[in-house]
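In what follows, a single structure is set out as structure tokens and then discussed.
As the structure lists them, so they are numbered: ligands from 1, and atoms in each ligand from 1.
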Amino acid sequence: MILAPTDPESPFSFTYRGLRFSQDDFHSFIGLNAVDSPESVEAVMKVLKTHGERCTRMGAYKPRTSPYTFGGLEARCLPYVFELAGKYDIQIIAMEVTHESHIEQIDRVLDDLGHPTGVMLQTGTRNAQNFELLKAVGRQNRYPVLYKRGFGITLQESIQAAEYIAMSGNDHLVFCLRGMKTQASAAHRNLADFSQVPLLKRLLKTPICVDPSHAIGLRANDNRDNLCDIFHAAVQGVIAGANMLLVDCHPNPPEALVDARQALSLKELPWFLEDIQIAKQAYQQRLNCAKKWKEIL
Ligand code: PEP
Ligand code: MN
């Protein structure tokens with residue numbers, strides 16, 4: 001298996017647009033679930049730049065359960081999304097593709113603009129076993145790939161599906177946990193599976209991402225501790241050693257065209273980033289503690 005763990009002495013990593021991805025690095029990708037206007041894109045990127053963030057998420061091609069809902073602006077929004085990313089120093093945009101032709105559309109626009117930014121091609125949970133799509137994102141080496149696990153298949157089946165990407169020629173891959181579909185998760189949208197971060201880090205050589213927005217599906221920010229459920233879930237992933245976060249936000253959450261209930265507001269972003277920082281420090285402390293105890297025991 002290409003994605004099997006490597007020798008601990010030479011851990012796997014890849015670098016894209018100056019950012020290194022490995023099981024020892026961490027990057028947040030916070031942004032629009034679905035691009036709806038240049039104004040929304042600019043508002044989000046402006047805040048991200050203020051806080052030194054170099055990555056975001058921007059959905060252009062949205063696979064929707066109902067065909068009567070907004071399916072994304074597709075290639076129409078790519079020129080302004082990429083241009084604004086260049087303006088705000090965003091180096092990588094996680095962007096879902098649902099068809100091989102979308103990769104060509106992204107190529108064309110980035111070529112036309114002289115590559116002001118980079119893209120991480122995302123394959124969604126609904127395409128977790130779309131082997132032709134997985135082979136297509138694997139046949140190219142221009143963009144790394146974010147593989148989201150299937151919400152209704154076993155972890156082993158998702159790992160095998162991700163292996164299709166690597167086998168096709170591209171192991172610059174991040175494996176993303178995004179919650180499992182089950183009635184048992186109610187009132188959350190999915191059952192957060194972030195306790196599997198360490199398991200995946202043991203089974204795979206790739207960095208591991210968590211998506212608390214899709215796992216939880218609602219902000220629920222009337223908790224007595226003032227921390228909304230999405231904050232809690234994100235922290236649970238980070239304190240367990242996740243290497244990447246994928247998070248939805250919107251300048252005006254109630255007006256988001258897709259998954260409005262799970263979007264953080266831009267005002268909450270600095271708070272969220274600070275909360276994540278606490279979790280990162282706590283994970284580091286846990287590593288130090290573990291090292292100490294390993295020597296004692
Ligand atoms: C998304 O990240 O926009 C998305 C649709 O996620 P998932 O495939 O995990 O549902
Ligand atoms: Mn969604």
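Proximity to Arg178 (heavy-atom distance under 4.0 Å) selects the following atoms of ligand 1: 7 (P), 9 (O), 10 (O). Less than 4.0 angstrom separates some heavy atom of Arg126 from each of these atoms of ligand 1: 10 (O). Taking every non-hydrogen atom of Glu96 and a distance limit under 4.0 Å, the qualifying atoms of ligand 1 come out as 4 (C), 5 (C). Close contacts of ligand 1 with Gly124, meaning ligand atoms under 4.0 Å from a residue heavy atom, involve 8 (O). With ligand atoms numbered from 1 in the order given, ligand 1 contributes 7 (P), 8 (O), 9 (O), 10 (O) to contacts under 4.0 Å with heavy atoms of Thr125.
Annotation: cation-pi geometry not satisfied between Lys49 and Tyr88 (NZ/CZ under 6.0 angstrom from ring centroid, within 45° of ring axis).
In this structure, the separation between OG on Ser168 and CD1 on Ile2 is 8.5 Å, given to the nearest 0.5 Å.
The residue from Val210, Asp25, Leu146, Asp211 that alone fulfils the side chain to side chain contact (heavy atoms under 4.5 Å, CB included) condition with Met244 is Leu146.
Partners of Glu9 according to the side chain to side chain donor-acceptor pair (under 3.5 Å) rule, which considers only residues two or more places apart in sequence or in another chain, do not exist here. Checked against ring-ring contact (aromatic ring centres under 6.0 Å, His included), His188 has no partners two or more places apart in sequence or in another chain.
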